[in-house]
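Whatever order the structure lists ligands and atoms in, that order sets their numbers, starting from 1. Note that the coordinates shown come from a computational prediction; the quantities given were computed from them, not determined experimentally.
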Amino acid sequence: MRGLQGKTVIVTGGGGGIGGATCRRFAEAGAHVAVLDRDGEAAARVAQAIAAGGGRALALACDITDRASVDAALASAEAVLGPVAVLVNNAGWDVFRPFVETRPEEWERLIAINIVGALHMHHAVLPGMVARRAGAIVNIASDAARVGSSGEAVYAACKGGLVALSKTLAREHARHGIRVNVVCPGPTATALFEGYKQGAGNPEKLEEAFRRAVPMGRIGAPEDLPGAILFFASDDAAYVTGQVLSVSGGLTMVG
Ligand SMILES: NC(=O)c1ccc[n+]([C@@H]2O[C@H](COP(=O)([O-])OP(=O)(O)OC[C@H]3O[C@@H](n4cnc5c(N)ncnc54)[C@H](O)[C@@H]3O)[C@@H](O)[C@H]2O)c1
């Protein structure tokens, strides 16, 4: 993909399944990668693997729900790797529970990670992008945001909010040369999906149901996602903003 060589990229949740695969792919494209994760050890493992392969990466232990932590991480990333050209808001969390069985404390955690954290990241990074009149943001939502998903009401509400936020910021910042797009994974084999299946009480049955619902007949792999994410981040998407792309084996087909 064009235009990623030498660019500084921040990936939140970079120590996780989709985030780790995305960090590695950006490094392969020659980008300098800030691997941001609440789990500092997971971030360090991804950054070390990139460095061992000859790439440039920095691990940042950061909780995106805490604005002071976000500001400190951004300052460290820019001091070491230079101004941020690309932000990938990928950190997320989910739990399977029918809505009436959920508790407000659970909503607060879901909202803090899946929407407030993304707000902090946008709010921290955008002023620099506006000043430089350049930037690309890729937000990782979910097919749950597009068509709903039983057992994920609050998560789906947050991801739907992330889609609406992305379209609004795409409009506000197009004139500043900043593009904002969204990638929606479907069921993808990561720690998050494993926890979600366990929460449903019958993991094998749930996985089989998802597999049957996916026209391509398989659960996604983390490596299925970076292609779409890098496209939106790259100069090949220079005339693309405010768009939502599902990477889910055809699970949803939205016109
Ligand atoms: N796996 C799926 O089936 C699936 C489906 C649809 C959407 N998604 C979305 O894809 C994204 C990546 O998820 P994944 O499946 O790779 O999960 P994952 O659990 O492998 O990775 C998520 C990462 O986010 C980090 N994280 C969580 N809260 C954080 C916080 N407050 N601050 C900083 N880091 C934090 C975790 O430590 C973890 O490393 C998420 O936004 C998720 O909602 C995943």
Side-chain angles (χ1 to χ4, degrees), residues 10-24 34-47 59-70 72-74 87-96 108-121 124 138-149 151-152 154-163 166 182-200 203 206-207 209-211 213-214 218-226 228-229 244-249 251-252:
I10 294 189
V11 180
T12 72
I18 293 169
T22 301
C23 289
R24 290 190 290 275
V35 185
L36 184 156
D37 205 292
R38 186 178 52 187
D39 181 344
E41 289 178 10
R45 281 194 294 276
V46 172
L60 297 167
C62 168
D63 181 345
I64 58 166
T65 68
D66 174 354
R67 180 56 189 264
S69 176
V70 165
L74 177 61
L87 168 64
V88 180
N89 285 298
N90 163 79
W93 177 68
D94 192 14
V95 59
F96 182 98
E108 281 164 24
R109 188 167 172 216
L110 283 161
I111 291 166
I113 295 175
N114 292 305
I115 192 76
V116 177
L119 290 173
H120 284 318
M121 291 303 304
V138 186
N139 289 323
I140 311 305
S142 167
D143 267 359
R146 310 192 87 178
V147 296
S149 181
E152 307 186 79
V154 180
Y155 172 84
C158 292
K159 294 298 193 178
L162 187 58
V163 171
S166 304
V182 182
V183 171
C184 289
T188 307
T190 67
L192 185 149
F193 185 55
E194 198 50 48
Y196 170 81
K197 282 190 306 181
Q198 298 298 336
L206 188 74
E207 176 155 343
F210 270 124
R211 188 173 291 118
V214 172
R218 68 172 175 87
I219 301 298
E223 292 71 22
D224 286 319
L225 276 301
I229 297 169
V244 184
L245 175 63
S246 284
V247 178
S248 56
L251 177 67
T252 61

Per-atom filter on ligand 1: closer than 4.0 angstrom to a heavy atom of Gly92 are 22 (C), 24 (O), 27 (C), 40 (C), 41 (O)

So, applying side chain to side chain contact (heavy atoms under 4.5 Å, CB included) with Cys62, which one of Val70, Ile10, Thr12, Asp37 is it?
Val70

Can you check whether Lys159 has an N/O within less than 3.5 Å of an N/O in ligand 1?
yes

Suppose I only count heavy atoms of Gly13 and a 4.0 Å limit; which atoms of ligand 1 are within that range?
23 (C), 24 (O), 25 (C)

In ligand 1, the atoms that come under 4.0 Å of a heavy atom of Thr188 are 1 (N), 2 (C), 3 (O)

With heavy-atom distances below 4.0 Å as the criterion, list the atoms of ligand 1 near Tyr155.
6 (C), 7 (C), 8 (N), 9 (C), 42 (C), 43 (O)

Test your reading of the structure: does Asp143 have an N or O sitting under 3.5 Å from an N or O of ligand 1?
no

Where ligand 1 meets Gly16 - atom numbers and elements under 4.0 angstrom, heavy-atom basis:
20 (O), 21 (O), 39 (O)

Contact partition for Tyr196 relative to ligand 1, non-hydrogen atoms under 4.0 Å
neither

Using a 4.0 Å heavy-atom cut-off, say whether Asn90 meets ligand 1 through its side chain, its backbone, both or neither.
both

Quick check on contacts: which atoms of ligand 1 are under 4.0 angstrom from a heavy atom of Ile140?
10 (O), 11 (C), 41 (O)

Could you see which bit of Ala141 sits under 4.0 Å from ligand 1, with heavy atoms only: side chain, backbone, both or neither?
backbone

With heavy atoms only and a cut-off of under 4.0 Å, state how Pro187 meets ligand 1: side chain, backbone, both or neither.
backbone

If you measure from the Lys or Arg side-chain nitrogens to the Asp or Glu carboxylate oxygens, is any gap between Lys159 and Asp94 under 4.0 Å?
no

Which ligand 1 atoms are under 4.0 Å away from a heavy-atom of Gly15?
39 (O)

Does Cys62 approach ligand 1 within less than 4.0 angstrom via side chain, backbone, both or neither, non-hydrogen atoms only?
backbone

